[in-house]
Asker: 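This is the structure, below, for whatever I ask next.
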Amino acid sequence: TFSNRAKVKTDKNGDLKDIELIGNARIKQEANDSYADKFYYNAGTKILTATGNTTSKTVMDNGTTLVLKANRQEYV
């Protein structure tokens, strides 16, 4: 992951509660790449939300590259 700024919140035991990546944020996982102005991950719901100029590049099982652009995307 990359961003201009990051916020990480944990509970009193040190377990992750949530993460925010803010400004020119990027998340790369294997052959998949996602870009956004901001990413927010909630550990309780396990949902990653991207907002602002989002782009996701995903390689499908058949090798085709899918590019999705939106103002908001959710990854479950």
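Please read these numbers as outputs of a predicted model, since none were measured by experiment.
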Asker: Among side-chain atoms of Gln73 and Ser56, is any donor-acceptor pair under 3.5 angstrom?
Answerer: yes

Asker: Given side chains that start at C-beta, do those of Leu48 and Phe39 come closer than 4.5 Å, heavy atoms only?
Answerer: yes

Asker: Does any part of the side chain of Val8, heavy atoms only, come nearer than 4.5 Å to the side chain of Leu16, both counted from C-beta?
Answerer: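 With C-beta onward as the side chain, the pair touches.
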
Asker: Might you confirm whether atom CG of Asn62 has over 12 heavy atoms from other residues, nucleotides or ligands at distances under 6.0 Å?
Answerer: yes

Asker: Measure from the side-chain N and O atoms of Lys28 to the backbone N and O of Glu30, and report whether any donor-acceptor pair falls under 3.5 Å.
Answerer: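 Yes; at least one donor-acceptor contact below 3.5 Å.
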
Asker: So which heavy atom on Glu20 is nearest to which on Tyr40, and how close?
Answerer: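 In this case the closest contact between Glu20 and Tyr40 is CG-CD1, 3.4 Å.
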
Asker: Does Arg26, at its CZ atom, have more than 12 non-hydrogen atoms belonging to other residues, nucleotides or ligands within less than 6.0 Å?
Answerer: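 Counting other residues, nucleotides and ligands, CZ of Arg26 exceeds 12 neighbours.
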
Asker: Is any side-chain heavy atom of Lys57 less than 4.5 Å from a side-chain heavy atom of Leu66?
Answerer: no

Asker: Report yes if some heavy atom in the side chain of Thr55 is under 4.5 Å from a heavy atom in the side chain of Leu68; otherwise report no.
Answerer: no

Asker: With the 4.5 Å side-chain cut-off for hydrophobic clustering, are Ile47 and Ile27 part of the same group?
Answerer: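 Each belongs to a different hydrophobic cluster.
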
Asker: Rounded to the nearest 0.5 Å, what separates atom OG1 in Thr49 from atom NZ in Lys38?
Answerer: 9.5 Å

Asker: Any heavy-atom pair between the side chains of Thr54 and Lys69 that's under 4.5 Å?
Answerer: no

Asker: So, taking the atom named CG in Asn24 and the one named CG in Asn53, what distance separates them when rounded to the nearest 0.5 Å?
Answerer: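 The CG atom of Asn53 is 10.0 Å from CG of Asn24, to the nearest 0.5 Å.
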
Asker: For the atom pair CZ (Arg5) and CD1 (Ile22), what is the distance rounded to the nearest 0.5 Å?
Answerer: 4.0 Å

Asker: Taking all atoms of both residues into account, what is the closest heavy-atom pair of Asp18 and Asn42, and its distance?
Answerer: CB-CA, 4.3 Å

Asker: Calculate, to the nearest 0.5 Å, the distance between atoms OG1 and CD belonging to Thr51 and Glu74 respectively.
Answerer: 10.5 Å

